[in-house]
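What follows is a single structure, written as structure tokens, with notes after it.
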Amino acid sequence: MKQPVIEYPPLDYEAARQRMVDAQIRPAQVNDPRIITAMRHVPRELAVPESLREFAYADQSLPLPDGRVLTEPRVVARMLQVAAPRQGDRVLIVGAGTGYLPALASRMEEGLRIDALESDRTLAAIGQALCRTFAPDVSWHIGPLAAGVPDNAPYDLILIDGAVRAIPPALLSQCAADGRVVAPIWPADSVASVCIVQPTAEGAGATRAMFDANVPLLPELAPAPAFSFDSVA
């Protein structure tokens, strides 16, 4: 006897989005109403490949091509709360990927001038499509992540969507004197923490850890493996 085909109703993304905010974001001490509103409206399912859309509102990072991920919603929300964009800020988002973080940031405050930098054209195409509808003021740039967008510097806020061992010097140099870089920093001998880094007169940066976050390294900004004679033995 032929088995009946079971047809499931399509996933209600709108309802899943609201559940994500109420069950994942608000309990994580995210109390900035601008973030709550933005996350209720920006469709995360459009920031992942179609094969992963049913998992778009799960409490986890989702894999993207070439070792990249779409950072889990709770970490994104808390990063934005730490960043606290202000009206008129010039913002650079490094590793803009499929556009979810730029779209959220754009909806938080009027008058933000946001540059989204991405080196992977496939990811950027997804992000540009998302932003055309939900964040049309975001300007996209294709190029090496470590180089930043020097022609548009200085930036009041630089967000890096992915962990780094240290802030690339070129990015720190593009931060305004009273600006800040917000990024997950993952020292080789410790855990990853989302940090605020502010430029100093010495050209380094004063770093303040805000919260631990399980965020993988951005492959492009990961340091090359150190050479040792043991590795060629």
Side-chain angles (χ1 to χ4, degrees), residues 25 28 30 35 38-39 42-44 46-49 52 56 60-85 89-108 112 114-131 134-135 138-149 155-168 170-172 174-175 179-186 192-197 210-222:
I25 307 306
V30 177
I35 299 171
M39 297 192 89
V42 175
R44 193 170 186 258
L46 299 186
V48 296
L52 293 175
Q60 64 186 60
S61 298
L62 295 177
L64 297 172
D66 296 326
R68 298 284 293 277
V69 302
L70 179 65
T71 305
E72 69 175 283
R74 179 179 350 209
V75 173
V76 171
R78 295 188 69 188
M79 280 184 63
L80 285 170
Q81 184 158 274
V82 166
D89 273 356
R90 179 172 284 282
V91 181
L92 173 62
I93 298 178
V94 177
T98 54
Y100 188 59
L101 181 55
L104 291 173
S106 175
R107 296 177 73 94
M108 283 182 63
L112 293 180
I114 299 178
D115 288 330
L117 174 63
E118 180 50 58
S119 58
D120 188 304
R121 292 182 179 276
T122 300
L123 299 183
I126 298 172
Q128 288 169 315
L130 175 66
C131 286
F134 295 94
V138 173
S139 297
W140 281 79
H141 304 264
I142 308 297
L145 302 185
V149 185
Y155 290 97
D156 304 293
L157 170 62
I158 298 176
L159 282 159
I160 303 178
D161 193 1
V164 295
R165 294 296 190 205
I167 305 300
L171 295 181
L172 190 59
Q174 292 170 35
C175 191
R180 66 271 188 215
V181 180
V182 175
I185 298 179
W186 189 359
S193 298
V194 171
C195 300
I196 297 178
V197 182
M210 304 304 293
F211 64 93
D212 292 345
N214 183 20
V215 180
L217 288 168
L218 269 171
E220 185 177 330
L221 298 184

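Excluded from the calculations below are hydrogen atoms, water molecules and symmetry mates; all remaining heavy atoms, backbone and side chain alike, are included.
- Distance alone, capped at 3.5 Å, is enough to place a donor-acceptor pair between the Q174 side chain and the A147 backbone.
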### Query
Are V76 and I35 close enough, and set up right, to give a side-chain contact (heavy atoms from CB on, under 4.5 Å), and what steps lead you there?
CA-CA 10 Å; V76 171; I35 299 171; over 6 Å; no

### Task
Test I196 against V182 for side-chain contact (heavy atoms from CB on, under 4.5 Å), laying out the working first.
CA-CA 5 Å; I196 297 178; V182 175; 4.2 Å; yes

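- Heavy atoms only, all atoms of each residue included: V197 and L172 are closest at CG1-CD1, 4.1 Å.
- Across every non-hydrogen atom of I167 and A183, the tightest pair is CD1-CB, 4.0 Å.
- In this structure, CG on D115 lies 11.0 Å from CH2 on W140, to the nearest 0.5 angstrom.
- Here the closest non-hydrogen pair linking L123 and P65 is CD2-CD, 3.8 Å.
- At least one side-chain heavy atom of R180 sits less than 4.5 Å from a side-chain heavy atom of D156.
- Atom CD of Q128 is separated from atom CG of L130 by 11.0 Å, given to the nearest 0.5 angstrom.
- Counting all heavy atoms, side chain and backbone alike, A170 lies closest to A146 at CB-O, 3.3 Å.
- Side-chain atoms of E220 come within 3.5 Å of backbone N or O of L145 as a donor-acceptor pair.
- A heavy-atom distance below 4.5 Å is not found between the side chains of W186 and V215.
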### T71/Y100 under side-chain contact (heavy atoms from CB on, under 4.5 Å): CA gap, chis, key distance, verdict
CA-CA 9 Å; T71 305; Y100 188 59; over 6 Å; no

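- The heavy-atom pair separating C195 from I185 by the smallest distance is CB-CD1, 4.0 Å.
- Interatomic distance, E118 CD to D161 CG, rounded to the nearest 0.5 Å: 9.5 Å.
- With sequence neighbours excluded, the residues satisfying side chain to side chain contact (heavy atoms under 4.5 Å, CB included) with A28 are V30, R74, R78.
- Between L62 and P49 there is no side-chain heavy-atom pair separated by less than 4.5 Å.
- Counting heavy atoms from C-beta outward, D66 and P219 have side chains that stay 4.5 Å or more apart.
- In this view, I142 and R121, A124 satisfy the side chain to side chain contact (heavy atoms under 4.5 Å, CB included) rule, not counting sequence neighbours.
- The shortest heavy-atom contact between L157 and P85 is CD2-CB, 4.2 Å.
- Side-chain contact between L112 and S106: absent, with no pair of heavy atoms (C-beta onward) separated by less than 4.5 Å.
- Rounded to the nearest 0.5 angstrom, R107 CZ and I114 CD1 are separated by 11.5 Å.
- Counting heavy atoms from C-beta outward, L171 and V94 have side chains that approach closer than 4.5 Å.
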#### Entry: Worked verdict on T98 versus V48 for side-chain contact (heavy atoms from CB on, under 4.5 Å)
CA-CA 7 Å; T98 54; V48 296; 5.8 Å; no

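- Taken from CG in L217 to CZ in R165, the straight-line distance is 4.5 Å, to the nearest 0.5 Å.
- Rounded to the nearest 0.5 Å, atoms OG (S139) and CD1 (I93) are 11.5 Å apart.
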